[in-house]
Amino acid sequence: MHLRIYEVDVPIHDTNHPDRHGVHVFTGVADSPAAALRRAHEVYDAALAAHTAGLEIPGKQSDSWGARGLRPGWQMEWPAAKAGLWHNPVSWTTHSDFAL
């Protein structure tokens with residue numbers, strides 16, 4: 001099993017203002033896009049349950065997945081979520097077409 005960092009992008013919309021929409025992004029370690037999507041959904045569900053119970057939202061878990069916050073009144077569109085490998089836009093280890 002080869003673990004890599006994945007990004008899960010979940011479209012969201014404001015239930016009170018249909019013209020307001022965005023994307024909630026999760027990142028973490030997984031062995032496949034399906035596993036990444038499952039973990040993102042699990043950490044979101046855990047965060048929502050904690051928030052609903054008046055508890056603090058759990059932090060990043062040992063497998064690097066976590067939800068930093070919730071947007072009350074915003075609906076997650078899980079069927080439209082996309083998972084893929086995460087590419088760090090500021091990484092010095094990314095490949096380049098030019099030599100320094």
Side-chain angles (χ1 to χ4, degrees):
M1 173 176 17
H2 186 68
L3 297 178
R4 299 179 74 182
I5 298 175
Y6 281 84
E7 175 178 321
V8 176
D9 298 330
V10 184
I12 58 174
H13 67 273
D14 187 335
T15 57
N16 297 314
H17 304 283
D19 59 320
R20 295 177 65 192
H21 51 86
V23 176
H24 196 104
V25 178
F26 298 87
T27 59
V29 176
D31 63 358
S32 69
L37 184 58
R38 179 183 50 77
R39 285 298 292 135
H41 207 311
E42 289 171 354
V43 297
Y44 174 78
D45 289 346
L48 183 59
H51 176 75
T52 301
L55 303 173
E56 187 174 332
I57 293 173
K60 195 174 273 196
Q61 298 181 8
S62 62
D63 63 355
S64 74
W65 289 95
R68 291 191 180 161
L70 298 173
R71 289 185 171 195
W74 287 71
Q75 180 67 44
M76 304 287 278
E77 300 171 18
W78 286 104
K82 304 266 189 245
L85 291 175
W86 179 69
H87 299 284
N88 185 347
V90 295
S91 174
W92 288 97
T93 61
T94 58
H95 297 318
S96 175
D97 291 338
F98 61 90
L100 295 177

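Just so we're clear, the structure is a prediction, and the values are computed from it rather than from any experiment.
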- Residue pair Val8 / Tyr44, side-chain heavy-atom distance below 4.5 Å: no
- Message: Is there a continuous path of hydrophobic side-chain contacts, each under 4.5 Å between heavy atoms, that joins Leu70 to Trp74?
- Response: yes
- Look at the side-chain heavy atoms of Ile, Leu, Val, Met, Phe, Trp and Tyr, link any pair under 4.5 Å apart, and say whether Trp86 and Leu3 land in one connected group. yes
- Message: If you define the side chain from C-beta out and look only at heavy atoms, does anything of Arg39 sit under 4.5 Å from Gln61?
- Response: yes
- Task: Could you walk me through whether His24 and Arg71 pass the side-chain contact (heavy atoms from CB on, under 4.5 Å) test, one step at a time?
- Result: CA-CA 10 Å; His24 196 104; Arg71 289 185 171 195; 5.6 Å; no
- Query: Looking at Tyr6 and Ala36, what are the two nearest heavy atoms and their distance?
  - Reply: CB-CB, 3.5 Å
- What pair of heavy atoms forms the shortest contact from Ile57 to Ala50, and how long is it? CA-CB, 4.3 Å
- Smallest heavy-atom separation, Leu85 atom then His87 atom, equals O-CD2, 3.5 Å
- Query: Do Leu48 and Phe26 share a hydrophobic cluster (ILVMFWY, side-chain heavy atoms under 4.5 Å, transitive)?
  - Reply: yes
- Those residues that, when tested against Asp14, pass side chain to side chain donor-acceptor pair (under 3.5 Å) (two or more places apart): Arg20
- Task: Give me the ring orientation class for His41 and Trp78: parallel if the planes are under 30° apart, tilted from 30 to 60°, perpendicular past 60°.
- Result: parallel
- Applying side-chain contact (heavy atoms from CB on, under 4.5 Å) between Val23 and each of Val10, Asp9, Ile12, report the one that passes. Asp9
- Nearest heavy-atom pair of Gly28 and Ser64: which atoms, and what distance? CA-OG, 3.2 Å
- Are the side chain of Thr15 and the backbone N or O of Gln75 linked by a donor-acceptor pair below 3.5 Å? no
